[in-house]
Every structure is written in C-alpha cells, then in structure tokens.
> 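Got a structure here, written out as structure tokens. Questions coming.
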Amino acid sequence: GDSVTQMEGPVTLSEEAFLTINCTYTATGYPSLFWYVQYPGEGLQLLLKATKADDKGSNKGFEATYRKETTSFHLEKGSVQVSDSAVYFCALILPLGGSARQLTFGSGTQLTVLP
Amino acid sequence: DAGITQSPRHKVTETGTPVTLRCHQTENHRYMYWYRQDPGHGLRLIHYSYGVKDTDKGEVSDGYSVSRSKTEDFLLTLESATSSQTSVYFCAISEMDRAGYTFGSGTRLTVV
C-alpha cells in the first residue's frame with residue numbers, strides 16, 4: 001500500500017550544523033508531499049510542501065525537493081538552530097472517498113539541536 | 001492554532017466508560033479529520049468527514065465513532081474506553097484537496 005518511510009531518530013546536532021532528514025514514499029499515482037513540524041506540547045504545523053515532481057518547497061531555511069525518480073522528499077537545512085528542536089513528519093496526500101484526501105504520515109524524526 | 005480548538009486538552013478516564021472529544025473550527029472548512037498519535041506510529045487516521053453528516057472510516061476506526069451535525073463541530077466518541085486507546089488525539093481541518101491540513105493542539109487521553 002501507499003506509505004511514507006522516514007529515517008529513524010533521534011537526531012542530535014550542534015548549532016549551525018547541516019541537517020538532512022531522509023523521507024521516501026511508496027504511492028500509486030502522484031501524491032502531494034509535505035513536511036510537518038511538531039514542537040513539544042503542540043499540534044503539527046505545516047513546514048513546507050510540494051505538489052509535483054521537481055518542485056522545491058521551502059520555509060524558514062528548510063528545503064525539500066520532490067524527486068519522482070527516487071520517490072524521495074528529503075528535508076534539509078544549512079544551519080540549524082536550537083529553536084529547530086522538534087519532531088519532523090514527512091507526509092503524503094492520498095485520495096479518500098467523497099473527494100476527501102488523507103494525509104499519511106511517516107513515523108516522525110526527533111531532532112535535538114545543542115548550543 | 002488559528003480557527004481550530006479541541007476540548008478537553010487532557011482527560012483521564014476509566015476502562016469501560018464512554019468518552020467524547022470535541023473539535024470545533026471557525027474556518028468553515030469542508031473536511032475534518034481525527035488522528036491518533038502514538039510513539040513509533042506517527043499519526044494514524046481514525047475517521048474523517050467530508051461534509052455535514054458525511055463521515056467515513058480511516059485505518060484505525062475500531063472502537064471509535066464520530067458525528068458531524070454542524071460544519072464547525074466534529075465529535076469523536078469512544079463508546080467503551082480501553083487502555084489501548086490511551087493516546088494523543090489530534091483533529092485537523094482542510095478546505096480543499098492537496099492544500100495541507102491545519103491541526104488542533106491535541107487531546108491527551110489516558111485510560112486507566
């Protein structure tokens with residue numbers, strides 16, 4: 001079935017380090033892809049998205065490129081900050097009945113950035 | 001979160017009791033969803049709604065029911081709570097396909 005696979009965490013980095021969180025997907029058709037971020041005690045917030053192949057989503061210094069040939073959507077940031085510490089979820093949109101769309105999530109990657 | 005609230009934020013209940021969680025939106029969005037979040041599983045869809053009185057099951061719907069009598073409210077009911085339903089529950093809304101979702105702040109439910 002359709003699914004999302006994220007790299008296992010937790011990931012611990014020093015401030016200003018380069019971040020990559022890997023995400024690959026399996027899907028029939030052409031899903032839209034998302035990265036969500038969850039700060040402690042909060043709900044999920046949309047970080048960035050891409051709706052078709054070769055699109056690059058970007059926000060707050062984070063980037064991810066929709067790679068159809070490798071079915072990947074890896075999250076990157078050139079220089080992380082302590083405030084980036086959170087759980088990051090990769091997700092894709094799948095069709096449901098009644099024109100609804102289901103967000104299917106990876107298992108999440110905990111990122112801790114040390115000063 | 002803008003335009004979406006969940007209540008209660010925390011609840012402890014006993015095994016076998018009924019529990020209802022409420023999601024309220026002020027965005028007039030058509031689609032509403034209930035997810036549960038458990039360690040190692042990410043978020044999994046319980047039920048969703050695509051309009052007033054239009055609801056359907058997600059991948060982990062056993063033991064849960066939902067109702068949507070008004071656009072703004074989507075209720076999740078555990079008819080007889082079990083310890084396996086201890087989780088954090090998130091409601092989400094969306095306006096249109098592929099637009100991404102807006103999530104509520106979650107309800108932490110503990111069944112003892």
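In the text below, chain A, chain B and the rest are named by the order of the sequence lines, each starting its count at 1.
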> Are B/L75 and B/L78 co-members of a hydrophobic cluster defined by side-chain heavy atoms under 4.5 Å apart?
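No, it is not one cluster - the side chains of B/L78 and B/L75 are not joined through contacts under 4.5 Å.
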
> Are A/L19 and A/Y39 connected, step by step, through hydrophobic side chains (Ile, Leu, Val, Met, Phe, Trp, Tyr) whose heavy atoms are closer than 4.5 Å?
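Yes, A/L19 connects to A/Y39 through the hydrophobic network.
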
> Could you tell me whether the side chain of A/L103 reaches within less than 4.5 Å of the side chain of B/Y33, counting heavy atoms only?
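They are not in contact (no side-chain heavy atoms under 4.5 Å apart), so the answer is no.
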
> Please check if the number of heavy atoms outside B/R44 that lie under 6.0 Å from its CZ is greater than 12.
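Enclosed.
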
> Given heavy-atom pairs under 4.5 angstrom as the criterion, report whether the side chain, backbone, both or neither of A/Q38 touches chain B.
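The answer is the side chain of A/Q38.
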
> Hey, are the side chains of B/Y31 and A/Q102 touching, using non-hydrogen atoms and a 4.5 Å cut-off?
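Not in contact.
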
> Under 4.5 Å heavy-atom distance to chain A, tell me which part of B/E59 shows up: side chain, backbone, both or neither.
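Side chain of B/E59 only, per the 4.5 Å heavy-atom cut-off to chain A.
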
> Are B/L43 and A/F89 packed together at the side-chain level, in the sense that at least one heavy-atom pair is separated by less than 4.5 angstrom?
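B/L43 vs A/F89: side chains touch.
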
> I want to check something: taking the side chain as every heavy atom from C-beta on, are A/F34 and B/Y101 in contact at a cut-off of under 4.5 Å?
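A/F34 vs B/Y101: side chains apart.
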
> Give a yes or no on this: more than 12 heavy atoms of other residues, nucleotides or ligands lie within 6.0 Å of atom CD of A/E16.
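It does not: A/E16 CD has 12 such atoms or fewer within range.
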
> Take atom CD in A/Q81; do more than 12 heavy atoms of anything else shown fall under 6.0 Å from it?
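Correct, the count exceeds 12.
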
> Once rounded to the nearest 0.5 Å, what's the spacing between atom CG of A/L44 and atom OG of B/S105?
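Reported value, rounded in 0.5 Å steps: 10.5 Å.
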
